[in-house]
Amino acid sequence: MTKIVLHDTKTKLKKPLEPVVPGKVGMYVCGPTVYDRAHIGNARPVVVFDTLYRLLRQVYGTDNVTYVRNFTDVDDKINARAAESGRSISDITEETIGWYLDDMGAMGALEPDEAPRATQSIDAMIKMTEELIAKGHAYAAEGHVLFSVKSDPEYGSLSHRNVDDMIAGARIEVAPYKRDAMDFVLWKPSDADTPGWDSPWGRGRPGWHIECSAMAREVFGERFDIHGGGNDLMFPHHENEAAQSRCAHGHDGMASIWMHNGMLQVEGAKMSKSLGNFFTVKDLLDKGIPGEVIRFVLLSTHYRAPLDWTERGVSEAEKTLRKWRTLTVGIEPAATVPPSVIAALSDDLNTAGAIAALHGLTGDPAGLLAGASMLGFLSDALGEWADAPEVGDAGAMIEALIAARTEARKAKDFARSDAIRDGFAAAGVIVKDTADGATWELAPDFDPAKLEGLV
RNA sequence: GGCGAGUUGGCGGAGUGGUGACGCAGCGGAUUGCAAAUCCGUGUACACGAGUUCGAUUCUCGUACUCGCCUCCA
């Protein structure tokens, strides 16, 4: 079996993937808080871990991989959105989840095997919170339950932080009910206007971090293989998740490998609303940038490195995909994925290396197609954008003009033939002169009106 | 202030202790009436300074710069 190695944040090493249950892989990726459209930065982990999912399915078999991505549908941002819009929380979360799946699907992201929602796992969170209290790792105070960071000597081991250093330099407002500045909330009280559930500590709602610990355990049990997300989640979210699970279970096996993708920038600058370079996946799709092209851009840089989203990168991606699509028209994919592609992906998900490998397969369209499919490219479902424009009534005119040009060339009337040639170019008609005569096809910017003056 | 990541040719972007990936652009050639398309060829790149080594872009230390996180954030 292909050996897969992945970089683990905790150990800072590339570790061979050795599944807890031999032959079966479990992967948990932190999903969105559903209160608004996903932006392009949100899309990176989705596409990155989708690609890993595809690799795992290829190597271990489709039925032997379980990919879980949660929806955080209880959160103060959602509450705020509901309050300001007057809409119900469930309206907002349902709509946003639908958007999310549509937008991610447009980039060829497969849906996970399981997509648990926080609101459907409240009992599991309460249970885990009780366990943490029982084991002395958490305490109830004023309707809150807090995790005691000091009770966990390994706290900080994932993100490589020292608790004392953090307190020293931090701008943390210490709530009166906290025993220690770093303690974080497992459960907090809800007022009448806030969603809440009955609990041993009164009506309330869970803190953010507990949901992933509880839901991952519900699906996988105490140990699973890969836990992923953006590196901004490394601290505090994943650190806290790891602490909760470690302290509840008495071992550090929550995830064998922690993976974190790098952040996305736009034209070299941090993406932010104030800079005006903040956009959602839907914005890009509406602008006419195909989801497949977005996917390509997101995979053309190694996942751990920062990724700069640029117009130029988009157009290069589009050009490459168009070329590959042209090369593979009517081709059946090879039965096996080319080893060069598998080898690149198996080495810490080197998608840029895999794309380079695909460039090397342009002489082998069947292999190219098989390899590209492995990366989620060149599917029919994502390919509509690359279809040639409709020729409409212009076909006859184009044929006539080609004939006229051929005549002109025979007559050595080069002024005429060159005028037609240039006119074709301007109108988006691509003419290729071959030994058997001229063939033509339409460019994406085909404009039949521009042919009128040539006749 | 603390922690982490990054710095590769015109651009993008892999990788490696010893023969300079790959793509785009550029340049030269073939082809063409001229082009387009195609094909062939083409680049003394690894932030800087020390160190280790027979040899470093690749390892170590330091410096600079960029970015991220430390507060909701993928």
Side-chain angles (χ1 to χ4, degrees), chain A residues 7 9 12 29-33 35-36 38-49 69 72 75-78 80 156 158-173 182 208 228-239 260-265 268-273 278 296-308 310 312-317 319-320 323-324 326 340 344 347-348 350-362 408-415 417-418 421-422 424-425 429-435 438-441:
Chain A
H7 183 272
T9 300
K12 303 186 188 181
V29 175
C30 286
T33 300
Y35 67 104
D36 206 350
H39 60 67
I40 183 64
N42 294 309
R44 171 127 93 145
V46 173
V47 170
V48 162
F49 290 105
R69 185 182 62 206
T72 299
D75 182 274
D76 288 347
K77 287 195 292 289
I78 302 171
L158 173 66
S159 57
H160 309 289
R161 283 158 203 260
N162 176 293
V163 176
D164 294 331
D165 287 349
M166 281 188 285
I167 293 171
R171 295 158 274 172
I172 299 173
E173 202 175 312
M182 293 302 292
W208 175 34
N231 72 12
D232 56 334
L233 292 181
M234 205 165 90
F235 188 90
H237 185 51
H238 287 169
E239 188 67 60
H260 292 98
N261 61 273
M263 295 293 103
L264 185 138
Q265 293 182 271
K270 177 181 166 134
M271 181 170 69
S272 73
K273 284 176 180 166
F278 183 99
F296 192 102
V297 173
L298 294 177
L299 293 179
S300 54
T301 298
H302 186 93
Y303 75 90
R304 289 200 290 123
L307 165 58
D308 194 15
T310 63
R312 182 166 175 159
V314 169
S315 67
E316 283 194 18
K319 193 170 168 180
T320 301
K323 177 177 153 191
W324 288 353
T326 303
S340 56
D347 182 7
D348 197 25
N350 186 350
T351 52
I355 287 171
L358 293 177
H359 282 300
L361 289 165
T362 49
R409 292 175 68 195
K410 274 188 190 160
K412 300 207 187 297
D413 180 1
F414 296 126
S417 69
D418 290 354
R421 183 196 67 202
D422 295 343
F424 274 143
V429 179
I430 300 164
V431 178
K432 295 178 183 172
D433 291 321
T434 72
T439 64
W440 59 275
E441 58 192 68

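Below, chain A is the first sequence line, B the second, and so on; all start at residue 1.
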So Leu298(A) and Val48(A), do their side chains get closer than 4.5 Å, heavy atoms only?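 Answer no - side chains too far apart.
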Quick one: does Leu264(A)'s side chain get under 4.5 Å of His39(A)'s, heavy atoms only?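 Heavy-atom side-chain distance check fails, nothing below 4.5 Å.
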Using the [atom1] atom as the reference point in each nucleotide, state the distance between [N] and [M] in Å, no decimals.
{"N": "G23(B)", "M": "G4(B)", "atom1": "P", "value": "37 Å"}
{"N": "G10(B)", "M": "C46(B)", "atom1": "C1'", "value": "16 Å"}
{"N": "G9(B)", "M": "C48(B)", "atom1": "P", "value": "10 Å"}
{"N": "A74(B)", "M": "G68(B)", "atom1": "C1'", "value": "12 Å"}
{"N": "U58(B)", "M": "U52(B)", "atom1": "P", "value": "15 Å"}
{"N": "A64(B)", "M": "G49(B)", "atom1": "P", "value": "15 Å"}
{"N": "U53(B)", "M": "C69(B)", "atom1": "P", "value": "42 Å"}
{"N": "G29(B)", "M": "C22(B)", "atom1": "P", "value": "23 Å"}

Rounded interatomic separation in angstrom, taking [atom1] from [X] and [atom2] from [N]:
{"X": "His7(A)", "N": "G15(B)", "atom1": "NE2", "atom2": "P", "value": "12 Å"}
{"X": "Arg304(A)", "N": "C67(B)", "atom1": "CZ", "atom2": "C1'", "value": "16 Å"}
{"X": "Glu239(A)", "N": "G4(B)", "atom1": "CD", "atom2": "P", "value": "13 Å"}
{"X": "Phe235(A)", "N": "C69(B)", "atom1": "CZ", "atom2": "P", "value": "13 Å"}
{"X": "Tyr303(A)", "N": "A14(B)", "atom1": "OH", "atom2": "P", "value": "12 Å"}
{"X": "His302(A)", "N": "G12(B)", "atom1": "NE2", "atom2": "C1'", "value": "16 Å"}
{"X": "His260(A)", "N": "C69(B)", "atom1": "NE2", "atom2": "C1'", "value": "11 Å"}
{"X": "Asp308(A)", "N": "U7(B)", "atom1": "CG", "atom2": "P", "value": "14 Å"}

If I compare all heavy atoms of [X] with all of [Y], which pair ends up nearest, and what's the gap?
{"X": "Arg44(A)", "Y": "Thr301(A)", "value": "NH1-O, 4.2 Å"}
{"X": "Gly262(A)", "Y": "Asn231(A)", "value": "CA-ND2, 3.8 Å"}
{"X": "Ala344(A)", "Y": "Ala354(A)", "value": "CB-N, 3.5 Å"}
{"X": "Asn350(A)", "Y": "His302(A)", "value": "CA-ND1, 4.0 Å"}

Taking only side-chain nitrogens and oxygens of Ser300(A), does any of them come within less than 4.0 Å of OP1 or OP2 of G13(B)?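 No, no such contact exists.
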Among the candidates G13(B), G23(B), C22(B), find the nucleotide nearest to the side-chain atoms of Ala356(A).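 Nearest to the side-chain atoms of Ala356(A), counting from C-beta on, is C22(B).
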Would you indicate which nucleotide in A14(B), G10(B), G33(B) comes nearest to any side-chain atom of Arg312(A)?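 Nearest to the side-chain atoms of Arg312(A), counting from C-beta on, is G10(B).
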For Gly360(A) and His160(A), find the nucleotide of RNA chain B closest to each by heavy atoms; which residue's nucleotide sits nearer the 5' end?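 Nearest-nucleotide comparison on RNA chain B picks His160(A).
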Could you walk me through whether Asp433(A) and Arg421(A) satisfy the salt bridge (Lys or Arg N to Asp or Glu O under 4.0 Å) test, starting with their C-alpha distance in whole Å, then the side-chain angles of each, then the deciding distance to 0.1 Å, before giving a yes or no? CA-CA 11 Å; Asp433(A) 291 321; Arg421(A) 183 196 67 202; over 6 Å; no
Base, sugar-phosphate alone, or nothing: which one does [X] contact when heavy atoms must sit under 4.0 Å apart?
{"X": "Ala305(A)", "answer": "nothing"}
{"X": "Asn350(A)", "answer": "sugar-phosphate"}
{"X": "Lys412(A)", "answer": "nothing"}

Listed by chain and number, what are the side-chain contact (heavy atoms from CB on, under 4.5 Å) partners of Thr320(A), not counting sequence neighbours?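 Residues passing side-chain contact (heavy atoms from CB on, under 4.5 Å) with Thr320(A): Phe296(A), Trp324(A), His359(A).
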Residues in ring-ring contact (aromatic ring centres under 6.0 Å, His included) contact with His260(A), at least two apart in sequence or another chain: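 With sequence neighbours excluded, His260(A) shows a ring-ring contact (aromatic ring centres under 6.0 Å, His included) to His238(A), given in chain and number order.
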With sequence neighbours excluded, what pairs up with His237(A) under the ring-ring contact (aromatic ring centres under 6.0 Å, His included) test?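 With sequence neighbours excluded, His237(A) shows a ring-ring contact (aromatic ring centres under 6.0 Å, His included) to Trp208(A), His209(A), given in chain and number order.
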With the criterion being N/O to N/O and under 3.5 Å, what pairs connect the protein with nucleotides 72-74 of chain B, and how long is each?
from, atom 1, to, atom 2, distance (Å)
C72(B), O2', Lys77(A), NZ, 2.2
A74(B), OP1, Asn42(A), OD1, 3.2
A74(B), O5', Asn42(A), OD1, 2.8
A74(B), O2', Gly230(A), N, 2.6
A74(B), O2', Asp232(A), OD1, 3.0
A74(B), N1, Leu264(A), N, 2.9
A74(B), N3, Gly41(A), O, 3.3

Per the side chain to side chain donor-acceptor pair (under 3.5 Å) rule, which among Thr9(A), Asp348(A), Asn261(A) passes with Arg304(A)?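 Going through Thr9(A), Asp348(A), Asn261(A) one by one, the side chain to side chain donor-acceptor pair (under 3.5 Å) with Arg304(A) is satisfied by Asp348(A) alone.
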In this structure, which one of Asp308(A), Val314(A), Val47(A) forms a side chain to side chain contact (heavy atoms under 4.5 Å, CB included) with Val297(A)?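 Looking at Asp308(A), Val314(A), Val47(A), the match for Val297(A) under the side chain to side chain contact (heavy atoms under 4.5 Å, CB included) is Val314(A).
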Tell whether Ser417(A) reaches the base of G33(B) with its side chain through a donor-acceptor pair below 3.5 angstrom.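 Such a pair is found, so the answer is yes.
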Base-paired stems in RNA chain B, each at least three Watson-Crick or G-U pairs under 3.5 Å: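 In RNA chain B, stems of three or more pairs: B:1-7 with B:64-70, B:10-12 with B:22-24, B:26-30 with B:38-42, B:47-51 with B:59-63.
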Taking N or O atoms only and anything under 3.5 Å, show me the protein contacts with nucleotides 35-38 of chain B, one pair per line.
from, atom 1, to, atom 2, distance (Å)
A35(B), N6, Asp433(A), OD2, 2.7
A35(B), N1, Asp433(A), OD2, 2.8
A36(B), N1, Asp433(A), O, 3.4

Under 3.5 Å, is there a donor-acceptor pair between the side chain of Glu441(A) and the main chain of Ile430(A)?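 Side chain of Glu441(A) to backbone of Ile430(A): no pair is present.
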